[in-house]
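Quick note on labels: first sequence line is chain A, next is B, and so on, each numbered from 1.
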Amino acid sequence: MIERLQRIGRNTLDRLAATGRAGQMLVQSLIAPPEPTTMLPLLVKQLHFVGVLSLVIILVSGLFIGMVLGLQGYTILVDYGSEQAVGQMVALSLVRELAPVVTALLFAGRAGSAVTAEIGLMKATEQLASYEMIGVDPLRRIIAPRLWAGFISLPILTMIFSVVGIWGGSLVAVDWLGIYSGSFWANMQASVDFSTDVLNGIIKSLVFGFVVIWIAVFQGYDAVPTSEGISKATTRTVVYSSLAVLGLDFILTAMMFGEI
Amino acid sequence: MSNLQNTTHIEVKNLSFSRSDRAIFRDLSLRVERGKVTAIMGPSGTGKTTLLKLIGGQLQPESGEILVDELNVHQLNRKWLFHLRARMGMLFQSGALFTDMSVFDNVAFPLRVHTDLDAALIRDLVLMKLNAVGLRGAEKLMPSELSGGMARRAALARAIALDPDILMYDEPFAGQDPIAMGVLINLISRLNRALGHTSIIVSHDIDETLSIADYVYLLADGRVLAEGTPQELIQMEDPQVRQFLDGEPDGPVPFHYPAPDYRQQLLGGDR
């Protein structure tokens, strides 16, 4: 019994200490005078690695999820004779929920795990220590560009996901199932509001982007520098960021749409 | 100018450091002379690499201090610490080349960060450093294309890029074939004579290290077990020193990790 209590206490203390270290890392890497000439090329490289290279998986998933939504929506709505509303259904579910959440989950799996493994390996091969000994702060040189790149790319990827998903929905509903395209788009335009739906979706993706890339970078930076440690850190990145995204999604949704 | 006349370059005073409840150093004191090759030797796990990280300010000691040019490394703020590090070169055990840059860019990196030299001058300097380690022809290769010995030489070129006052070598001979080892021994002593910097070599390769060191500290159990010139060390009678130098498997440093009684354990006494 005492042993179990001790273990709970130790785990809690470890978690708290890790949260403290994560916060410290965030502050030290982001709060510093900007050095655009050195930082910009590094940021562009990371934007390519984290953002552009995630495009394919985002495009394909967005397209299929939109198509499935169109099909499922149609089969349900047609029973009530309101299949014209399928455009509205596809757009609202994508913009409010599916695009931010699914993009963040895919992003954690595709980019987050890669960032963790990369930084963890840099630590294991003493590259981070090497930067320090050369007199270059690895927090500014390695961590900061990756944090910014994740924070910038996820909202953009989310918007792309929405657009491709809506197009996929229209492919199924209009081109395949033959819903009149005028009512498909008109219903959508009439019901999707910019500030309540689109903007709230973007706010969600900003929060998710921040959380996912923070977890990914910290897990790499804090990894035990062995092969086992890096594999555990990579797993933790995917698990923690997925859970964080799903949990935060509920909280954000309750705050944004809970009063309706 | 008083610093330059002072022959002690680095001084470790009463240093204590532990890692997850295990004491690595207890009251360790040693001095590193300016311009000399000082070797720090000892069995694996005596914290030799940790000592280099403490000198570089990457780790904080529990008590005691480390003075470099009479400056306390662990009382410097981050800015001054990075200034100090720009005057130290460190050759990591793995080489630690930046894997996303070519050999040329690796060596050029410290110059680009810490100097305002123009590209042409940096190019010449990098080629000179690479020539010194015999890798001028490998400037375009990526670190993944180098052999272990070449990677360490490239890392050595990077470590001397800024002509540091202090050069620290972490196990420079570990895992090298005889030719690469000979090349490295030659390079370390030649560079030390030519550039006049202070060298610290951490190693457990006895013959290679003793052949180039001016002064040797032998560490065991977190403190200095013996010190002296290589000749003095070779003649020491202390059984623990002899065991290390002669490579005997059992002696004052036991072959067995602490364990319960063998007979009793086999007979199931502890079940």
Side-chain angles (χ1 to χ4, degrees), chain A residues 10 13-14 17 21 24-25 27-33 35 37-46 48-50 53 114-115 117-146 149 220-221 224-227 229-230, chain B residues 20 49-50 52-59 73 76-101 105-116 143-144 148 151-152 154-156 158-162 164 166-171:
Chain A
R10 198 180 317 127
L13 283 179
D14 286 349
R21 287 199 302 277
Q24 213 176 8
M25 180 201 79
V27 170
Q28 284 181 353
S29 51
L30 295 185
I31 297 180
E35 305 154 33
T37 44
T38 47
M39 293 300 282
L40 209 59
L42 294 172
L43 178 63
V44 169
K45 195 175 163 194
Q46 287 311 315
H48 174 79
F49 179 69
V50 168
L53 295 183
V115 165
E118 190 194 15
I119 296 178
L121 272 171
M122 281 186 173
K123 189 177 181 186
T125 54
E126 297 176 309
Q127 291 184 52
L128 293 185
S130 212
Y131 276 113
E132 281 197 3
M133 284 310 296
I134 288 175
V136 172
D137 191 347
L139 287 173
R140 299 281 301 142
R141 172 99 198 172
I142 302 292
I143 304 298
R146 283 165 177 76
Y221 189 68
V224 179
T226 59
S227 34
I230 293 169
Chain B
S20 48
T49 305
T50 309
L52 291 189
K53 289 193 170 167
L54 282 160
I55 294 174
Q58 290 184 294
L59 295 172
V73 174
L76 297 175
N77 63 25
R78 219 171 155 75
K79 189 178 155 209
W80 282 103
L81 184 62
F82 280 105
H83 268 294
L84 180 70
R85 283 177 183 163
R87 288 169 28 213
M88 293 181 177
M90 179 147 169
L91 184 67
F92 286 89
Q93 194 169 350
S94 58
L97 291 170
F98 303 133
T99 41
D100 55 344
M101 301 179 197
D105 288 331
N106 261 287
V107 180
F109 183 78
L111 293 165
R112 288 178 180 149
V113 173
H114 287 296
T115 67
D116 294 325
S144 55
R152 220 163 283 186
L156 183 55
R158 186 180 68 185
I160 57 170
L162 287 169
I166 300 168
L167 205 45
M168 298 192 275
Y169 300 89
D170 185 7
E171 299 282 3

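In this structure, chain A has a heavy atom under 4.5 Å from the backbone of L97(B), while its side chain stays farther away. Only the side chain of H114(B) comes within contact range of chain A, with heavy atoms under 4.5 Å apart. Residue contact with chain A, scored on non-hydrogen atoms closer than 4.5 Å, involves the backbone and the side chain of M88(B) alike. Of the two parts of R87(B), neither the backbone nor the side chain holds a non-hydrogen atom closer than 4.5 Å to a non-hydrogen atom of chain A.
For D14(A), the CG atom sits in a packed shell: over 12 heavy atoms of surrounding residues, nucleotides or ligands are nearer than 6.0 Å.
For the pair R85(B) and E132(A), the tightest heavy-atom approach, listed with the atom from each and the gap, is CD-O, 2.9 Å. Residue A96(B) comes nearest to S130(A) through the heavy atom pair O-OG, 3.5 Å, listed as atom of the first residue, atom of the second, then distance.
Aromatic ring pairs are classed by plane angle as parallel below 30°, tilted from 30° to 60° and perpendicular above 60°; the pair Y131(A) and F98(B) is parallel.
With hydrogens and angles disregarded, a donor-acceptor distance shorter than 3.5 Å links the side chain of Q127(A) to the backbone of T99(B).
In this structure, CD on E126(A) lies 6.5 Å from CG on D170(B), to the nearest 0.5 angstrom. Atoms CG and CE, on L52(B) and M133(A) in that order, are 8.5 Å from each other to the nearest 0.5 Å.
Counting heavy-atom pairs closer than 4.5 Å to chain B, the top-ranked of the candidates L121(A), I134(A), L128(A), T38(A) is I134(A).
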